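Keep in mind that what you see is a predicted model, and the values were worked out from it rather than measured. Chain naming here is simple, since letters A, B, ... match the order of the sequence lines and numbering starts at 1 in each.
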Protein chains: 2
Amino acid sequence: MQEKLSIKHIANLVGTSITTVSFVLNGKAKEKHISEKLTEKILQVVAELDYQPNSIARSLRTGKTKIIGFLVDDISKPFFSGIARVIDQKASARGYKIIFSSTGNDKKRISEILNIFKDRHVDGYIVAIAEGLEEEIGKLISGKAPVVFFDRYLPELDADYVLTDNFQSTATASQHLLDNGFKNIGFVTIDTEQQQMLDRLQGYTDTVKRAKAKPQVLKIKYTNSEDSTEKIKSFLQDNPELDAVIFAANYLTMDGLRLSRIGEEQLLSSKAILSFDDFELLEFISPSITAIEQPIEELAENIVQLLLKKLNAGDVKNGGERSVLKINAKLNVRQSTKGLVN
Amino acid sequence: MQEKLSIKHIANLVGTSITTVSFVLNGKAKEKHISEKLTEKILQVVAELDYQPNSIARSLRTGKTKIIGFLVDDISKPFFSGIARVIDQKASARGYKIIFSSTGNDKKRISEILNIFKDRHVDGYIVAIAEGLEEEIGKLISGKAPVVFFDRYLPELDADYVLTDNFQSTATASQHLLDNGFKNIGFVTIDTEQQQMLDRLQGYTDTVKRAKAKPQVLKIKYTNSEDSTEKIKSFLQDNPELDAVIFAANYLTMDGLRLSRIGEEQLLSSKAILSFDDFELLEFISPSITAIEQPIEELAENIVQLLLKKLNAGDVKNGGERSVLKINAKLNVRQSTKGLVN
DNA sequence: CTGAAAGCGCTTACAG
DNA sequence: CTGAAAGCGCTTACAG
């Protein structure tokens with residue numbers, strides 16, 4: 001536990017200067033023409049003593065902390081904690097650590113957190129926020145801080161994004177239903193301008209139209225779960241010809257399944273059900289429900305890669321071009337949509 | 001964006017020394033007998049320019065980073081991400097930030113992560129690890145680092161713990177079943193020496209015995225989910241007199257519910273079911289299932305409080321006494337256990 | 001009541 | 001090929 005090991009000790013032990021030790025430690029031995037012998041000797045002593053340079057002193061000097069700020073609505077949401085887990089892995093492997101905070105969609109809280117992150121001198125930011133909160137976060141981008149957004153696309157923010165390919169996901173899902181013989185596919189979404197919901201809708205309508213079928217869409221003005229369930233009920237009652245339904249978000253799937261709570265399970269039981277977003281319940285209930293699974297691993301990998309690319313290109317002041325990456329989702333086919341074929 | 005604001009600028013603007021500014025900023029104005037006038041003026045300039053001391057420089061000087069390392073199996077498990085969210089809130093409010101990592105129960109990974117945390121000079125640790133990994137973590141404690149453990153009690157580690165009161169939780173649950181008229185209560189657990197599982201078992205047996213009833217316990221040597229479901233099936237078939245069953249962990253509840261997958265739902269449908277650990281599914285299925293909910297908010301609050309107490313008592317070298325806090329769980333009563341009364 | 005100066009442990013221009 | 005020294009922005013013993 002010789003805690004107080006410093007570069008000075010190493011230099012003394014080897015019989016050289018801290019400058020030389022520092023160069024070797026930073027892989028600049030070659031560049032600085034340090035002799036191989038000296039380099040070897042330094043590395044050996046460092047290894048023997050298990051010396052690690054003080055990261056804080058380094059941060060103070062270089063201005064880099066190798067810390068990334070991770071900002072989401074609520075870290076305990078499965079999607080976000082899943083992303084957090086993988087991001088931490090990927091970032092750790094590259095020498096970065098993550099600090100996180102949950103905004104709770106509160107404007108004041110966002111500003112506070114960004115202030116804390118800035119105070120901590122984070123090197124970069126990974127952010128997912130909802131519409132309407134662009135202003136708070138806009139300063140970050142105009143301040144040239146390296147930021148990667150994910151989950152939500154915010155048209156007002158000209159920035160870098162890593163997103164699930166929402167269009168592709170529902171297009172594939174719709175095609176899956178058509179391929180399995182379903183002809184009248186309904187689509188339940190919310191009444192919104194959110195880009196990801198519009199994309200999901202578009203993926204559905206384009207695919208259905210190409211098959212010469214007629215889109216049947218329910219756009220719910222979302223207030224609460226009970227109301228939503230009622231509207232789904234009416235929609236299904238008014239359109240008895242539907243043989244399949246796609247729910248465009250996990251909470252809509254839940255609201256649909258709650259029909260069984262109000263004794264209306266027969267409205268769904270005859271139909272193929274497909275959910276955007278996958279969760280444990282869907283695999284468990286009977287019949288198990290086909291779902292679009294967000295590609296967490298790939299999203300996380302791309303987020304980290306993109307951010308690190310920006311961090312390392314930090315010197316290039318012009319910012320370079322913006323990236324909007326769309327990652328393909330996975331379709332987990334289960335009992336609910338196999339009906340007409342298997 | 002005058003990024004490069006430093007204590008020197010403030011001192012110059014006010015016309016004093018950085019020493020005085022530092023004293024004022026650290027609330028030592030009184031102690032150091034700085035005149036009220038000067039203090040006021042400094043605070044005013046600081047407020048005007050929105051100056052914030054560089055936290056890294058401060059860390060280098062003081063040796064404190066105000067960062068806490070959070071170490072769990074898997075940050076994406078609902079219990080852990082829930083705890084993480086609340087801990088972040090509580091810690092943020094006190095000027096601390098959390099960095100986390102997931103161990104995946106891998107010994108090598110644990111050592112790596114602890115090394116990273118140490119390298120980052122975290123002030124303290126919040127840790128939940130499984131049995132068998134004590135050795136890796138033991139060095140932390142013997143090294144006098146401030147650590148608070150939660151979730152798991154590890155008898156070998158003489159340390160500070162914050163735990164759900166497992167004994168109380170199943171005692172209360174058992175009493176609830178007895179109060180509602182159930183007489184033959186079964187208990188499904190695993191064959192283990194894990195303290196928390198033993199406590200849950202004890203809470204049940206003590207309560208049942210006090211009511212002059214006979215404990216009926218299934219201890220599963222856990223290998224996999226399918227096998228577990230089979231053993232639960234046999235247990236229920238062999239003990240037809242049971243009118244209630246407590247599952248001692250969420251995965252056991254799931255295994256029990258999977259009886260419906262193998263056409264054996266009637267084994268459970270006639271019985272009151274009660275689950276240790278609550279999750280969405282339990283509220284959703286029909287009948288909804290009564291569950292013991294871990295007190296995440298209180299656990300988090302106590303973890304943070306205890307750790308900060310240790311951090312602030314850092315000067316007191318004798319370490320003080322150890323704490324083992326047990327927090328009461330909550331019983332969420334649902335349809336499954338109301339049968340005989342309502 | 002206040003300030004000059006050392007020092008936390010690094011990195012890096014500069015000099016030789 | 002190598003090293004003395006400045007400096008990152010603070011805190012704090014010491015001096016007055």
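- Summary of the strand contacts: B/Ile34 and A/Ser55 both lie near DNA chain C, and taking for each the nucleotide with the nearest heavy atom, the more 5' one is attributed to B/Ile34.
- The stretch residues 13-27 of chain A touches DNA chain C through A/Ile18, A/Thr19, A/Ser22, A/Phe23, A/Asn26, each having a heavy atom within less than 4.0 Å of the strand.
- On the nucleic acid side, DNA chain C has its first and last nucleotide under 4.0 Å of a heavy atom of chain B at C/dC1 to C/dG9, going 5' to 3'.
- Judged by closest nucleotide on DNA chain D, B/Ala57 is the one of B/Ala57 and B/Lys28 placed further toward the 5' end.
- The side-chain hydrogen bond (donor to acceptor under 3.5 Å, both in side chains) pairs that include a residue from residues 60-70 of chain B are B/Thr65-B/Asp123, where partners are two or more places apart or lie in different chains.
- Sorted by first and then second residue, the pairs that involve residues 40-50 of chain B and meet side-chain hydrogen bond (donor to acceptor under 3.5 Å, both in side chains), not counting sequence neighbours, are B/Gln44-B/Glu48.
- For A/Ser17, the side chain to side chain contact (heavy atoms under 4.5 Å, CB included) partners at least two apart in sequence or on another chain are A/Thr19, A/Thr20.
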For DNA chain C, produce a single dot-bracket line, 5' to 3'. Pairs: Watson-Crick or G-U wobble, both distances under 3.5 Å. Symbols: ( ) within strand, [ ] crossing, | other strand, . unpaired. |||.||||||||.|||
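- Under the rule for a side-chain hydrogen bond (donor to acceptor under 3.5 Å, both in side chains), B/Arg120 has no partner lying at least two apart in sequence or in another chain.
- Partners of A/Lys108 under the side chain to side chain contact (heavy atoms under 4.5 Å, CB included) rule, at least two apart in sequence or in another chain, are A/Asp106, A/Glu112.
- When heavy atoms are screened at a 4.0 angstrom cut-off, A/Arg58 is found touching the sugar-phosphate backbone but no base atom.
- Residue pairs that meet the ring-ring contact (aromatic ring centres under 6.0 Å, His included) test with at least one member in residues 19-61 of chain B, sequence neighbours left out, do not exist here.
- In this structure, the ring-ring contact (aromatic ring centres under 6.0 Å, His included) partners of B/Phe70, at least two apart in sequence or on a different chain, are B/Phe150.
- Residue pairs satisfying the ring-ring contact (aromatic ring centres under 6.0 Å, His included) criterion with at least one member in residues 89-109 of chain B, sequence neighbours excluded, are listed as follows: A/Phe100-B/Phe100.
- For the pair B/Ser6 (side chain) and B/Lys8 (backbone), a donor-acceptor distance under 3.5 Å is present.
- Residues that satisfy the side-chain hydrogen bond (donor to acceptor under 3.5 Å, both in side chains) test with B/Gln196, not counting sequence neighbours, are B/Gln194.
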